[in-house]
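Data block below; observations after.
Small disclaimer: the values here were computed from a predicted structure and weren't measured.
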Amino acid sequence: KESIRLELNISQLEEIIVSPSETAKTIESIHANSYVIEHATVLQKTAALGESDVIKTLDVIPGVQLFRDGSTFFNVRGGDRDQNQILIDEAPIYNPAHVMGMFSSIIPESIKDMKMYRGDIPAHLGGRLSSVLDIKTRDGNLQHFSANGSLGLISARLALEGPIKKEKSSFFVSGRHSYIQGLIKSSNSDVNQLYFTDFTAKTNVWINQNNRLFLSTYLGKDEFSTDGGIKWGNKAGTIRWNHIFNNKLFSNTTFYSS
């Protein structure tokens with residue numbers, strides 16, 4: 001028999017440190033199941049008869065299904081349409097459609113951006129089971145005045161914005177009025193009235209370096225009548241005060257009516 005002698009050789013491994021990267025931190029900051037839709041995207045999407053439509057931009061989001069062809073009502077992950085909450089500057093809009101769901105009641109030019117939550121809804125936006133559509137309207141330009149509008153087959157739109165006092169305060173105003181009645185009456189003479197209107201306005205005021213005030217309002221109306229008649233609409237207003245205490249703490253206080 002032969003003996004083999006083994007020598008002891010100890011290897012010391014270096015310390016391994018595992019730490020999150022900047023990419024991982026970015027991923028953690030993204031809210032699950034939320035989608036931001038920019039102003040330009042809203043203007044590109046069209047609905048019936050060539051009208052730009054806010055709600056129609058949602059059909060590209062997974063889990064969102066429009067109620068039927070040509071409709072602006074939508075379902076999210078099998079929920080009913082009344083389980084979706086729509087907010088304009090934090091005020092809820094209870095009937096977001098015109099002409100029985102054919103057109104949405106939000107003027108496309110008034111949109112700054114909107115965020116769709118189709119799951120994992122933040123607690124302060126709670127109140128519906130399926131989704132929240134959080135819409136922010138334009139603040140108005142603090143530097144110069146501008147105007148834009150459009151003339152379509154069924155409605156005309158106009159938007160104005162500019163400074164009240166440069167660098168200190170601004171306004172934004174937009175309106176829409178339909179003339180769909182003429183198209184309908186040509187095929188149905190029993191229709192006496194059929195139209196819809198929308199109005200959005202916002203004022204943005206820098207009180208000082210630490211305080212900012214926003215005043216916004218939204219009005220929408222439908223009227224349909226033959227022998228009888230029906231009217232419906234939305235009225236909403238918001239006052240929001242933004243206050244900066246220091247470089248680590250700020251507050252947003254909102255009062256709204258709808």
Side-chain angles (χ1 to χ4, degrees), residues 36-58 72 86-93 95-99 102-116 133-183 195-206 212-223 233-240 242 254 256-258:
V36 176
I37 300 172
E38 301 294 341
H39 172 70
T41 305
V42 173
L43 293 178
Q44 290 170 1
K45 192 71 173 180
T46 58
L49 300 175
E51 282 286 299
S52 297
D53 198 278
V54 172
I55 301 300
K56 289 287 185 178
T57 61
L58 305 179
T72 56
I86 296 179
L87 307 174
I88 296 182
D89 288 334
E90 302 181 58
I93 302 300
N95 188 356
H98 288 307
V99 196
M102 228 175 150
F103 310 99
S104 68
S105 58
I106 305 155
I107 304 172
E109 284 83 1
S110 69
I111 302 299
K112 178 182 178 182
D113 60 57
M114 60 184 188
K115 195 168 188 178
M116 175 77 170
L133 182 60
D134 188 15
I135 298 172
K136 304 298 183 187
T137 59
R138 295 171 66 86
D139 297 332
N141 197 308
L142 289 166
Q143 301 293 331
H144 59 268
F145 177 85
S146 64
N148 68 80
S150 67
L151 193 64
L153 292 174
I154 63 162
S155 72
R157 304 195 302 265
L158 179 65
L160 307 172
E161 65 177 324
I164 300 172
K165 184 178 181 181
K166 280 194 174 182
E167 303 290 346
K168 294 294 184 180
S169 59
S170 63
F171 74 92
F172 177 84
V173 178
S174 64
R176 173 170 62 176
H177 186 78
S178 75
Y179 33 81
I180 194 174
Q181 177 176 321
L183 297 176
Y195 71 90
F196 61 86
T197 61
D198 294 296
F199 176 78
T200 303
K202 192 170 187 178
T203 303
N204 163 31
V205 180
W206 284 92
R212 193 175 182 183
L213 191 66
F214 299 90
L215 307 173
S216 61
T217 185
Y218 166 74
L219 304 172
K221 180 183 177 182
D222 277 72
E223 183 165 340
N234 299 284
K235 297 178 181 178
T238 301
I239 301 174
R240 181 161 65 92
N242 173 249
T254 303
Y256 70 80
S257 174
S258 183

I need the minimum non-hydrogen distance between S104 and R176, along with the two atoms involved. O-NH2, 2.9 Å

Where do V205 and T203 come nearest, in terms of heavy atoms and distance? CG2-CG2, 3.8 Å

Tell me if a side-chain donor or acceptor on T217 pairs with a main-chain N or O of A236 at a distance below 3.5 Å. yes

According to side-chain hydrogen bond (donor to acceptor under 3.5 Å, both in side chains), who are the partners of S174, at least two apart in sequence or on a separate chain? none

Under the salt bridge (Lys or Arg N to Asp or Glu O under 4.0 Å) definition, can you give me all pairs with a residue in residues 135-146, not counting sequence neighbours? K112-D139, D134-K136, R138-E161, D139-K202

If you look at every heavy atom in I111 and I106, which pair is closest and at what distance? CD1-CG2, 3.4 Å

Partners of F196 by ring pair (Phe, Tyr, Trp, His ring centres under 6.0 Å), sequence neighbours excluded? H98, F103

Y218 versus D198: any side-chain heavy-atom pair under 4.5 Å? yes

Using modelled atom types and a 3.5 Å cut-off, is there a donor and acceptor pairing between side-chain atoms of S258 and backbone atoms of P92? yes

For the pair I93 and I135, evaluate side-chain contact (heavy atoms from CB on, under 4.5 Å) and give the outcome as yes or no after the intermediate values. CA-CA 10 Å; I93 302 300; I135 298 172; over 6 Å; no

Among pairs that include at least one residue of residues 139-177, which meet ring-ring contact (aromatic ring centres under 6.0 Å, His included), considering only residues two or more places apart or in two chains? H177-Y195

side-chain contact (heavy atoms from CB on, under 4.5 Å) between I55 and L133: does it pass, once the steps are laid out? CA-CA 9 Å; I55 301 300; L133 182 60; 3.9 Å; yes

Closest heavy-atom contact between A97 and D222? O-OD1, 4.0 Å

Could you go through the side-chain contact (heavy atoms from CB on, under 4.5 Å) check for F214 and T137 one step at a time? CA-CA 11 Å; F214 299 90; T137 59; over 6 Å; no

Qualifying residues under side chain to side chain contact (heavy atoms under 4.5 Å, CB included), relative to S170, sequence neighbours excluded: L142, N204

Less than 4.5 Å apart, any side-chain heavy atom of S216 and any of R240? no

Where do M114 and T57 come nearest, in terms of heavy atoms and distance? CE-OG1, 3.1 Å

Using the side chain to side chain contact (heavy atoms under 4.5 Å, CB included) criterion, which residues pair with E167? Sequence neighbours excluded. Q143

I'd like to know if the side chain of Y256 reaches the main chain of G237, judged simply by a donor and an acceptor atom lying under 3.5 Å from each other, with no hydrogens or angles considered. no

Is the backbone of N234 close enough, under 3.5 Å, to the side chain of N95 for a donor and an acceptor to pair up by distance? no

